[in-house]
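One is the number of the first residue; the rest follow in order along the sequence. If you're wondering where the values come from, they're calculated on a predicted model, not measured in any experiment.
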Amino acid sequence: MRRSGKQRKAELQLKRAVKRGDVAPPEAQPRRKNFRRPPKLGHSLDARLLADDASRAARKLQSQFVKLDPDFLETTKHLAATLPLTRPISADVCVLVVDHVQSGNDLVNDQLNVPRRPKWKYTMSKDDVDANEQGYFRRWMIQTDAIVERWYNQNNQPVVSGIDLGSASPSVPDTAVQDKMPCPPTHFERNLEVWRQLWRVTEISQILLCLLDSRCPPLHFPSSLESYLASRKAKVILVLTKVDIAGPERAEAWTAYLQKRHPGLPIVQVEAYQQKVGEQGRPVYESHLPLPFRERLVNAMRQVHEEMLIPPERVRSVEAKLKRWNPPVKREIDWNGLLHAHGKKVGSVVGGAAMPKGKGKEDTADDAQEPEQEGSDNEGQLEWQEPEFLTVGLIGQPNVGKSSLLNALFGIHKVRASRTPGKVLCGILPISRVSAIPFCIHQIGQLLPLETILGLTHPLANNAPVEDKRTWRDGKQPSLKDNKTHWTATEIMTAYANKKGWVTAKAGRPDIHRAGNAMLRLVAEGKIAWAFWPPGTDLTTVGSSGGNGIWLIRDADQHAQELDEDDEGGSGDETDEVESPDEGNDDDGDKDENLTGEEEEHQDADFKSVTVGRFGVLAIDD
């Protein structure tokens, strides 16, 4: 109970009087027992311990990436303020250039690979398995870092517009004469625990759903992942997510492109949201998989399952092997029940989290193990039994839609899907850990007319022209300068900060860091809809015109309403899978080390949470 100033003063005077002996000390009051309310549902000690364990597990699986060089940050910050963005945007940017996605170097593509789990056996101890994996992963990172460094140095040769390069540094390009952004370093996952999750899912799954964002599918299915999955026993189905954002035309074009590039792999399109009316009449979007999309997905899994029940050619050619052969999956699956099941019934139809092993299977987990389970007539060996469940696994990069698809399949909230997982541009890096925000806005500005989408006013338009009071002779007055407005990335961030009224706490200047962060989230959450066309698309046939880049123009009123929902705090922090008061502490050090110059003013800013937008439910924190 909070005491007033008078009460505290009276207590202090009484204490002094007792100390002087003027007043007898008051009688000691019996101590009251602390009254504890019964814990609320889910707030018991066991529930808290489980939440703490889940929080520690979530922190253990946090992605780790290489830190950006301070010189790169300073260079891109300067260029973002000086390099004008190309306006109008060329129509050619609508077509994805695969070379950009695959690093543009065939040699690098061949050398980069997905780390593979070292061979192990059940007779090995946990420490031995962990030591093998740690040692292998360290060697893989050293090798990959060397490849990426060579690629980075080759692509960052000094590119200048002037002819006098005597003053330019031989190692760092001179920003005064450089006419384009430097090539950013390639980021790859440096946390072994994340790769272990991929290893485990691909080991225990019999059918793998590989989720690809329909806005830019090749980014989420590189050749390294394709070759890795080809070496596994599970059958792969490519699932194009977020087709409601990309639109049916682009989704069909990407489906045809992937079928040509990856023949033999089933490709399924899904969308995973439905619109409802929320508070104050605003639209609310929740996970939902419409029946036509559910049917396509279930039919694709059914077809793959039927193929797995057919013996391979090398078994069919030998009668003895054919008699002993058993399918590696459960024979009978209630596909109709799975199609119409909802809630907990889906779990009872699909089965458990790990693939049960049939009796008589060898006690080994080598990658070289035969994919088919062949029985044996040897006396004393246990008879093989088919697995109890069909195990289906989902893999995909962050923000591709795994959790939303699971929630839509189950029909209930099974997995938490956060508002922004987040990742920048095509969904790879967490926004909260991106320090090169000017560079990112410059890259986005080359593809999207942000000033038009956000309705921005150029910062120079607010400055009144200075009156020329000089006297000129007839015919000597200089001609008016070209007043055509050019946009830079910094000017776009400044204009957006002015529109929102965001200023820094110390200097009172436009908070461009917060504005850039908010724009990255608008792109990541789908409030600014965008999508590429597949390589080789004839823009004249699809009716794509220049000026808008990859922007998908929606209904103007609805688009304006969705962007206005972000007014109160456009740069809220993303929510993690498991909330914890100290969960973000691990990232603070990395983020503070990357802040330079004016950005240090913004790190103490109070960023409020943002209302979930149109496609916010599809943004997953994996």
- What one should report as the nearest heavy-atom pair of Leu552 and Ala531 is CD1-CB, 3.9 Å
- Could you walk me through whether Trp195 and Val114 pass the side chain to side chain contact (heavy atoms under 4.5 Å, CB included) check? CA-CA 9 Å; Trp195 291 110; Val114 173; 3.6 Å; yes
- Sequence-distant partners of Glu193, salt bridge (charged side-chain N to carboxylate O under 4.0 Å, His left out), two or more places apart: Arg196
- Which heavy atom of Asp538 sits nearest a heavy atom of Thr540, and at what distance? OD1-OG1, 2.7 Å
- Any side-chain heavy atom of Trp254 within less than 4.5 Å of one from Leu96? yes
- Query: Side chain of Asn517, backbone of Val434: donor and acceptor closer than 3.5 Å?
  - Reply: no
- Item | CA sep, side-chain torsions, deciding dist, call: Asp213, Leu219, side chain to side chain contact (heavy atoms under 4.5 Å, CB included) | CA-CA 8 Å; Asp213 193 324; Leu219 182 74; over 6 Å; no
- Query: Quick check: are there more than 12 heavy atoms from other residues, nucleotides or ligands sitting under 6.0 Å from CD of Glu249?
  - Reply: no
- State, yes or no, whether a side-chain contact exists between Phe72 and Pro184 at a heavy-atom distance under 4.5 Å. yes
- Show your reasoning for whether side chain to side chain contact (heavy atoms under 4.5 Å, CB included) applies to Leu520 and Ile444. CA-CA 9 Å; Leu520 292 182; Ile444 295 177; 3.5 Å; yes
- Message: I want to check something: taking the side chain as every heavy atom from C-beta on, are Leu456 and Trp487 in contact at a cut-off of under 4.5 Å?
- Response: yes
- Item | Minimum heavy-atom distance Cys94-Ile550, with the two atoms named | CA-CG2, 3.9 Å
- Task: Could you check if a side-chain atom of Lys527 sits within less than 4.5 angstrom of a side-chain atom of Arg521, using non-hydrogen atoms only?
- Result: no
- Query: Does a donor on one side chain and an acceptor on the other come within less than 3.5 Å for His442 and Gln446?
  - Reply: yes
- Task: Write out all pairs satisfying salt bridge (Lys or Arg N to Asp or Glu O under 4.0 Å) with one or both partners inside residues 435-458, taking only residues at least two apart or from two chains.
- Result: Arg87-Glu451
- Can you find a pair of side-chain heavy atoms, one from Pro182 and one from Thr76, that are under 4.5 Å apart? yes
- For the pair Ser90 (side chain) and Val93 (backbone), establish whether a donor and an acceptor sit closer than 3.5 Å, ignoring hydrogens and angles. no
- Task: Indicate yes or no: at least one non-hydrogen side-chain atom of Cys210 is less than 4.5 angstrom from one of Leu225.
- Result: yes
- Task: Run the numbers on Leu240 and Leu258 for side chain to side chain contact (heavy atoms under 4.5 Å, CB included), then give the verdict.
- Result: CA-CA 10 Å; Leu240 283 179; Leu258 293 173; 3.9 Å; yes
- Note on the structure: So OG1 of Thr504 and CZ of Arg509: to nearest 0.5 Å the spacing works out to 5.5 Å
- Query: Can any side-chain N or O of Lys242 pair as donor or acceptor with the backbone N or O of Arg215 at less than 3.5 Å?
  - Reply: no
- Checking Thr241 side chain against Val400 main chain: does a donor-acceptor pair fall under 3.5 Å? yes
- Item | From CD1 (Ile267) to CG (Leu238), nearest 0.5 Å | 5.5 Å
- Query: Just how far is it from atom CG of Leu192 to atom CD of Gln64, taken to the nearest 0.5 Å?
  - Reply: 9.5 Å
- Message: Looking at every heavy atom in both Gly549 and Ile89, which two are closest together, and how far apart are they?
- Response: CA-CG2, 3.8 Å
- Ile441 side, atom CD1; Ile492 side, atom CD1 - distance, nearest 0.5 Å: 8.0 Å
- Are the side chains of Glu271 and Pro290 in touch, meaning some heavy atoms are under 4.5 Å apart? yes
- Note on the structure: To the nearest 0.5 Å, atom CD1 of Ile528 lies from atom CG of Leu522 at 4.5 Å
- Message: I'd like to check Val95 versus Leu539 (side-chain heavy atoms, cut-off strictly below 4.5 Å). Are they in contact?
- Response: yes
- Message: Using 0.5 Å steps for rounding, measure from the CG atom of Leu447 to the OG1 atom of Thr86.
- Response: 10.5 Å
- Please name the pair of heavy atoms, one in Ala515 and one in Met493, separated by the smallest distance, quoted to 0.1 Å. CB-O, 3.3 Å
- Message: Which heavy atom of Ser435 sits nearest to which heavy atom of Leu68, and what is that distance?
- Response: OG-CD1, 3.7 Å
